[in-house]
Amino acid sequence: MLNKSKYIFSGKKKLTKTDVIVIYGAVALHAPKEQLLTRLNQDFLAQILFLYGQCSQDIDLQMSFTRSITEIGIAVQDAEDKQFQFSYKEMLIGYMLDFIRDEPLDSLASPIRWKALIAISKLKPQLSINDHLNILEENIRKLLPLPPLEKLRNEGETDKDKEHINFLYERSMDALGKLLKSMIWDNVDAENCQEMFNAPENFRIGSLLGLLAPHSCDTLPTIRQAATSSMIGLFCVKGIQMEVERLQDLQQGLECEDLQVQIKISAKIAKIACKFIPSEEILMFLEETLDGLESLDPSCTKACGIWMITTLREHGATLEDQLLEILGIIYHHMPILRQKEESFQFILEAISQIASFHMDAVVVNLLQKPLPFDRDTKTLWKALAENPASTGKVIRVLIEKLEMGLEDDVAGKEVISVACAIYEVISVGTPVTGLYPELFTLLLKLVSCTLGQKMPTSFMSHRRRVMQPGERQQMPDPCRLSTTTLKCLQAQAMKEGLAKESDEGDNLWTLLCSLDSHHIGVCALARSMLVWQRGVILDIMEQLFPSLTSSSENYRITGTAFFSEARESTHQSTLSGSLGVLLSGSSAQ
């Protein structure tokens, strides 16, 4: 029969491998079914796959291959043999899904999308329920991002082009609809139906919800309605009881063309739905919404951000075990989302939302970033500082870590990161009045303990930077980094009336971070303290007092210089007596 078919199909043209692939499908479709199944795997499919692998990949080959697989799928269905083992089923499904994945997201370039969907629907009776769900998810990923039909039609240059686009669009949607319908109605077996409607164990709604939710603000009302209806359906299939009638009422409101109304309704739906996302699926949901922030249109992007923040607000307290993974995927998306201002603001808000539940963990994670901090890391520190809900918490956590790191009067590499983080936090204007004495003393101690140190290579960033001709690689100086943070603190303190400009000007900071002139810089710093801030000065002196007996020679020099200058500067003031008591206590010890 095969030889006869070759003759019929060839005519006067020499047969190509693509032609033979088509012939195999035609033969399978018309062959006696009782003879076909015994030979299908080895004599048909193995040969088709071999020929396919030998050909150059183009649309004609894909179309012929898809046609042949569709016809073989129909032949297997017609044979109605439940015992038949379809050995190549998973591989063929994989090829069809690859064709769908390779199609551009924003256009309909060829009929391959709907042809592949048809092929899958013919292979489908051999699939398990979980295969069905995977295919459903894959095709929602590809078909939901399609622009509205009118926009696609306008891309056609001629009326014929527009007609062709319209044809492909309708066929693609129709093929997906038939696939979804057959997934339900073809499973008439009681066991399969029970498996479908009892929410199979491997069925995850997180990623599907992440794909659907943004389209509650799509430009087409039909898509907005369908996306919301599908979301409600997902929870119902999962067996999750929720406010269905309330959601359906909100769904009707999405017919409104006012974007602000759509956003408000989407936010209300998110508040109801997000609480029902299983905790173990939050990561998958966030991955999809982050992808949406990158690729969707502005209205859907805003919906992505709203759903992401609502979910983090609802589940934030339970995410401790997934925190590192969640932060990791957020960091991964930051470089691209930085180019989209509104999307980037949602990212910053997401980090702040997570930090409101797990501040210590977020701080520890950010402190592990290499020095010097890159732009995105600096932005995250500033975002935490500028968020009213987290600003007080973040500076307090950093102070505690700085104090712990300096307990033995030795500055490890970790405390340098803490100092750099404090700089970013204070540089946005974070108030320091209540924390100034403690923070000033700790930073002065850090400057003293890092004098002459070099930055460990393992702690530095390995990011490449284009060097200018004649420019030399600059190695970060721990003492200079610490001094920069102290300078930032003093600038904020002056704004709040806690200190005054040093009589050394900017030269103060050069003096302070040099071994030879450090003591001179400390004296200049002490003179910049306002004598009428009695409580502040006393607190600083009390916290600096242990420096006089420190095991670190540098820190003893720092303390001695500060107290010597303080005694001189306060000689005529009411602080003189208090200072004398402190110093006499030191002598007694």
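Counting begins at 1 with the first residue of the sequence.
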**Asked** Under the salt bridge (charged side-chain N to carboxylate O under 4.0 Å, His left out) test, which residues partner D360, sequence neighbours left out?
**Response** K401
**Prompt:** Would you call E438 and R396 a salt bridge, using N to O less than 4.0 angstrom?
**Reply:** yes
**Prompt:** How would you list, by chain and number, every residue that makes a side-chain hydrogen bond (donor to acceptor under 3.5 Å, both in side chains) with S482, sequence neighbours excluded?
**Reply:** none
**Fill in**
The salt bridge (charged side-chain N to carboxylate O under 4.0 Å, His left out) partners of K382 (sequence neighbours excluded) come to E424
**Item:** E553 atom CD: more than 12 heavy-atom contacts under 6.0 Å
**Value:** no
Could you give the side-chain donor-acceptor pairs of residues 255-262 under 3.5 Å, partners two or more places apart or in another chain?
from : atom 1 : to   : atom 2 : distance (Å)
D258 : OD1    : Q260 : N      : 2.9
Q262 : NE2    : C256 : O      : 2.9

**Prompt:** Can you list the residues that meet the side-chain hydrogen bond (donor to acceptor under 3.5 Å, both in side chains) rule with S299, with sequence neighbours excluded?
**Reply:** D297
**Message:** Return the CE to CG distance between M231 and L208, rounded to the nearest 0.5 Å.
**Reply:** 11.5 Å
**Asked** Do any pairs count as a side-chain hydrogen bond (donor to acceptor under 3.5 Å, both in side chains) and have a residue in residues 310-332, sequence neighbours left out, and if so which ones?
**Response** Y331-N365
**Message:** Can you list everything that forms a side-chain hydrogen bond (donor to acceptor under 3.5 Å, both in side chains) with H358? Sequence neighbours excluded, please.
**Reply:** none
**Item:** Steps toward side chain to side chain contact (heavy atoms under 4.5 Å, CB included) verdict (H518, V447)
**Value:** CA-CA 9 Å; H518 174 73; V447 171; 4.1 Å; yes
**Residue list, salt bridge (charged side-chain N to carboxylate O under 4.0 Å, His left out) with D376, at least two apart or on another chain** = R338
For residues 501-508, which side-chain donor-acceptor pairs fall under 3.5 Å, sequence neighbours excluded?
from : atom 1 : to   : atom 2 : distance (Å)
S502 : OG     : E504 : N      : 3.1
D503 : OD1    : R527 : NH2    : 3.2
D503 : OD2    : R527 : NE     : 2.8
D503 : OD2    : R527 : NH2    : 3.4
E504 : OE1    : N507 : ND2    : 3.3

**Fill in**
Contacts of Y436 meeting ring-ring contact (aromatic ring centres under 6.0 Å, His included) (sequence neighbours excluded), chain-then-number -> F440
**Listed partners of K393 passing salt bridge (charged side-chain N to carboxylate O under 4.0 Å, His left out), at least two apart** = none
**Message:** Using the side-chain hydrogen bond (donor to acceptor under 3.5 Å, both in side chains) criterion, which residues pair with R480? Sequence neighbours excluded.
**Reply:** none
**Prompt:** Does the side chain of Q252 pick up a donor-acceptor pair with the side chain of Q248 at under 3.5 Å?
**Reply:** no
